[in-house]
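The first residue of the sequence shown is numbered 1, and numbering continues consecutively from there. Because only heavy atoms are used, hydrogens play no part in the values below, and waters and symmetry mates are left out as well, while side chains stay in.
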Amino acid sequence: MKPKYAKRPPMLVMRGLVNDKLEIRERQAVEAFAGGWATTEHYQTLADMQGVMLLAGTTDASRKWARDYAHDVIGPVLCKVRDRYRRTQKMSVTTGEREALRGFVTRYREFWLRQPLELYEAACVALQEHYDKMGEAA
């Protein structure tokens, strides 16, 4: 019997098929900050990306760099953006934060091109479960 994942194309193929749509959405989230028209939806796109990369990075020692990057590099940037929004009610980034987020979109894409589709799906489910628990606690 063939494994369940053998019936589906790898992430490289799946990401390649829809990459234009995904990457435009991801890059648009960053460019919305650069252009001064960012909304909480743009922030949430980046936070979701960070969350799934963070979760995926905890699954294997070979992916630990992704966890470290999502936690140590992107996490502080998103926290600063969030804190600034709470103070000013405006979504904005500094030049350094903008460049870090632009780099994140590229690294995120490159990371997922090399991972199994099942890992992406599992990370998305785990992130949604986390959000659901946060909603219940509120």
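Side-chain contact between Thr106 and Arg109 is absent, with no heavy-atom pair separated by less than 4.5 Å. Taking 4.5 Å as the limit, some side-chain heavy atom of Leu78 sits within range of a side-chain heavy atom of Ile74.
With rounding to the nearest 0.5 Å, the separation of NE2 in His71 from NZ in Lys64 is 10.5 Å. Taking CG of Asp48 as the reference point, atom CD of Glu26 lies at 10.5 Å (rounded to 0.5 Å). Interatomic distance, CG of Asp132 versus CD of Glu129, reported as 7.5 Å (0.5 Å rounding). Here the CD atom belonging to Gln89 is positioned 10.0 Å from the OG1 atom belonging to Thr40, to the nearest 0.5 angstrom. Here the CG-CE distance, from Leu101 to Met49, works out to 9.0 Å after rounding to the nearest 0.5 Å. Interatomic distance, CG of Leu119 versus OG1 of Thr59, reported as 4.5 Å (0.5 Å rounding).
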*Between Met91 and Thr39, is a side-chain contact (heavy atoms from CB on, under 4.5 Å) present by the stated rule, with each step listed?*
CA-CA 6 Å; Met91 286 286 173; Thr39 65; 5.8 Å; no
_Go through it in stages, so that I can follow the logic: the residues are His42 and Arg25, the test is side-chain contact (heavy atoms from CB on, under 4.5 Å), and I'd like the CA-CA distance, side-chain angles, deciding distance and then a yes or no._
CA-CA 9 Å; His42 295 110; Arg25 184 174 141 262; over 6 Å; no
_As a quick check of understanding, evaluate salt bridge (charged side-chain N to carboxylate O under 4.0 Å, His left out) for Glu110 and Arg114, giving each step before the final call._
CA-CA 7 Å; Glu110 294 300 317; Arg114 292 168 176 75; 3.0 Å; yes
*Check against salt bridge (charged side-chain N to carboxylate O under 4.0 Å, His left out), Glu31 and Arg102*: CA-CA 8 Å; Glu31 294 310 312; Arg102 281 180 175 155; 2.7 Å; yes
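Nearest heavy-atom pair across Trp112 and Val52 is CZ2-O, 3.8 Å. Taking each heavy atom of Ser62 and Asp60 in turn, the nearest pair found is OG-OD2, 2.5 Å. Closest approach of Ala66 and Gly57 over heavy atoms only: CB-CA, 4.3 Å. Minimum interatomic distance between Leu127 and Gly51 (heavy atoms only, all atoms of both residues): CD1-CA, 4.2 Å.
Arg82 is linked by a side-chain contact (heavy atoms from CB on, under 4.5 Å) to Tyr43, Cys79, Arg86, counting only residues two or more places apart in sequence or in another chain. With sequence neighbours excluded, no residue forms a salt bridge (charged side-chain N to carboxylate O under 4.0 Å, His left out) with Glu41. Evaluation of the side-chain contact (heavy atoms from CB on, under 4.5 Å) rule for Ala70 yields Gln50, Met53, Leu54 as partners, not counting sequence neighbours.
Cluster membership check: Phe104 shares its hydrophobic cluster with Val73, using side-chain heavy-atom separations under 4.5 Å among Ile, Leu, Val, Met, Phe, Trp and Tyr. Residues Leu55 and Met134 fall within the same hydrophobic cluster, defined by Ile, Leu, Val, Met, Phe, Trp and Tyr side chains chained together at heavy-atom separations under 4.5 Å.
With Arg84 contributing its side chain and Ser92 its backbone, the two residues share a donor-acceptor pair below 3.5 Å. Judged by distance alone, with hydrogens and angles left aside, the side-chain atoms of Arg67 form no donor-acceptor pair with the main-chain N or O of Arg63 at under 3.5 Å. A donor-acceptor contact shorter than 3.5 Å is absent between the side chain of Glu99 and the backbone of Gly96.
Between Tyr69 and Trp65, the two ring planes are tilted [angle within 30° to 60°].
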